[in-house]
Protein chains: 2
Amino acid sequence: MSHKSRNRMAAGRRAHAPVFAALGDETRLSLVAKLCGGRPCSISRLTEGSRLTRQAITKHLCVLERAGLVRRVRRGRESLFALDPEPFEEIKKYLEFVSEQWDQALARLKSFVEG
Amino acid sequence: MSHKSRNRMAAGRRAHAPVFAALGDETRLSLVAKLCGGRPCSISRLTEGSRLTRQAITKHLCVLERAGLVRRVRRGRESLFALDPEPFEEIKKYLEFVSEQWDQALARLKSFVEG
DNA sequence: TTAATATGCAACCAGGAGGTTGCCTAAGAT
DNA sequence: ATCTTAGGCAACCTCCTGGTTGCATATTAA
């Protein structure tokens, strides 16, 4: 692997780790699921049906926001949150890259064994 | 959305959250990157070039192992670790599902506005 | 104006995560 | 048999995380 490629991968790690971390929590995954509906939701609305406090949900939303997975826009007295699909696409590409590397490595090992 | 579908999604969250969490750390992503090479690596080998202790790396490997991202096999006095691509595929599918839901929701909103 | 709703802010707490050190055991190498 | 290397185990520390409660503030509704 080239130096450039290695640096790119290291940069990718720094960028992707927070996104993975933000998704690494059941509560936050359920928030993401609710926001998949397409229409922005207020904090109160997102808290409905949860056993957690509004503040707990707020914190989780902040985590998602810091990771860029969600955007907040203030409307009147409420904070509306909506999904941002871009980071999802990013880490999907990253996972595809990992799979690809893995497959190529296996192919090399196979040809080495056979050759 | 149907009840079945909702239950399936909740089960998916329970299954996927730990995987995302395991990937939500730069050190562990770099370990994954090294293991993408295809050949199993010992703990000492994976520690080489890191500023962390062998024990720290061991802990990270245990996290990856608990999440199913990595498999350990003992050979002589060393523990060899290899990637398991299956969980990667799983969360990739999950991300694709999220994107899909999002796109469909957007399409519905669009037709609602236009109609 | 007054009441109700939606949110923000801060303090606080328990537990877990990431990391270190020290010591012990097992397996190769000489 | 002895030395060296790879790894496991446990204690310990610090900081972050997930969660709570209490109170303050800004809108909206009556």
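Each chain gets a letter, A, B and so on, in the order the sequences are listed, and its residues count up from 1.
- If you chain together ILVMFWY residues whose side-chain heavy atoms come under 4.5 Å of each other, B/Leu80 ends up grouped with B/Val73.
- Between the side chain of A/Lys92 and the backbone N or O of B/Lys92, no donor-acceptor pair lies under 3.5 Å.
- Counting Ile, Leu, Val, Met, Phe, Trp and Tyr side chains that sit under 4.5 Å apart, directly or through other members, A/Val63 stands alone, with no cluster partners.
- The shortest heavy-atom contact between A/Leu35 and A/Leu83 is CB-CD1, 3.8 Å.
- Per the geometry, CD belonging to B/Glu26 stands 19 Å off P belonging to C/dA17, to the nearest Å.
- Of the listed residues (A/Leu23, A/Ile91, A/Leu31, A/Leu61), just one forms a side-chain contact (heavy atoms from CB on, under 4.5 Å) with A/Leu69, and that residue is A/Leu23.
- Between B/Gly68 and B/Pro87, the closest heavy-atom pair is O-CG, 3.1 Å.
- In this structure, the CZ atom of B/Phe81 is 10 Å from the C1' atom of D/dG7, given to the nearest Å.
- In this structure B/Arg72 satisfies the side-chain contact (heavy atoms from CB on, under 4.5 Å) test together with B/Cys62, B/Glu65, B/Ser79, B/Phe81, sequence neighbours excluded.
- Sorted by residue number, the list of members of residues 40-49 of chain B with any non-hydrogen atom under 4.0 Å from DNA chain C is empty.
- Judged by distance alone, with hydrogens and angles left aside, A/Arg54 brings a side-chain donor or acceptor within reach of the base of C/dG8, the pair sitting under 3.5 Å.
- Considering only residues two or more places apart in sequence or on other chains, A/Tyr94 meets the ring-ring contact (aromatic ring centres under 6.0 Å, His included) condition with A/His16.
- If you take CD of B/Glu78 and P of D/dG8, they are 11 Å apart, rounded to a whole angstrom.
- Side-chain atoms of B/Gln55 and base atoms of C/dG22 include a donor and an acceptor less than 3.5 Å apart.
- One finds no salt bridge joining A/Lys93 and A/Glu96 here, because no Lys/Arg side-chain nitrogen approaches an Asp/Glu carboxylate oxygen to under 4.0 Å.
- Residue B/Ser79 is the one, among A/Arg74 and B/Ser79, whose nearest nucleotide of DNA chain D lies closer to the 5' end (criterion: closest heavy atom).
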Under 3.5 Å, N/O pairs linking protein and nucleotides 27-30 of chain D:
unit_1	atom_1	unit_2	atom_2	d
D/dT27	O2	A/Arg77	NH1	3.1

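- Here B/Arg77 pairs with nothing under the side-chain contact (heavy atoms from CB on, under 4.5 Å) rule; sequence neighbours left out.
- Partners of A/Pro18 according to the side-chain contact (heavy atoms from CB on, under 4.5 Å) rule, which considers only residues two or more places apart in sequence or in another chain, do not exist here.
- Every side-chain contact (heavy atoms from CB on, under 4.5 Å) that A/Ala10 has, sequence neighbours left out, goes to A/Arg13, A/Arg14.
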Listing time: all N or O pairs from protein to nucleotides 14-18 of chain D that are below 3.5 Å?
unit_1	atom_1	unit_2	atom_2	d
D/dG18	OP1	A/Arg28	NH1	3.3
D/dG18	OP1	A/Arg28	NH2	3.2
D/dG18	OP2	A/Arg28	NH1	3.3

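- Each side-chain hydrogen bond (donor to acceptor under 3.5 Å, both in side chains) pair with one or both residues in residues 38-60 of chain B, not counting sequence neighbours, appears once here: B/Arg28-B/His60.
- Summary for the helix from C/dT1-D/dA30 to C/dT30-D/dA1: the axes at its two ends, each from 5 pairs, differ by 30° when rounded to the nearest 10 degrees.
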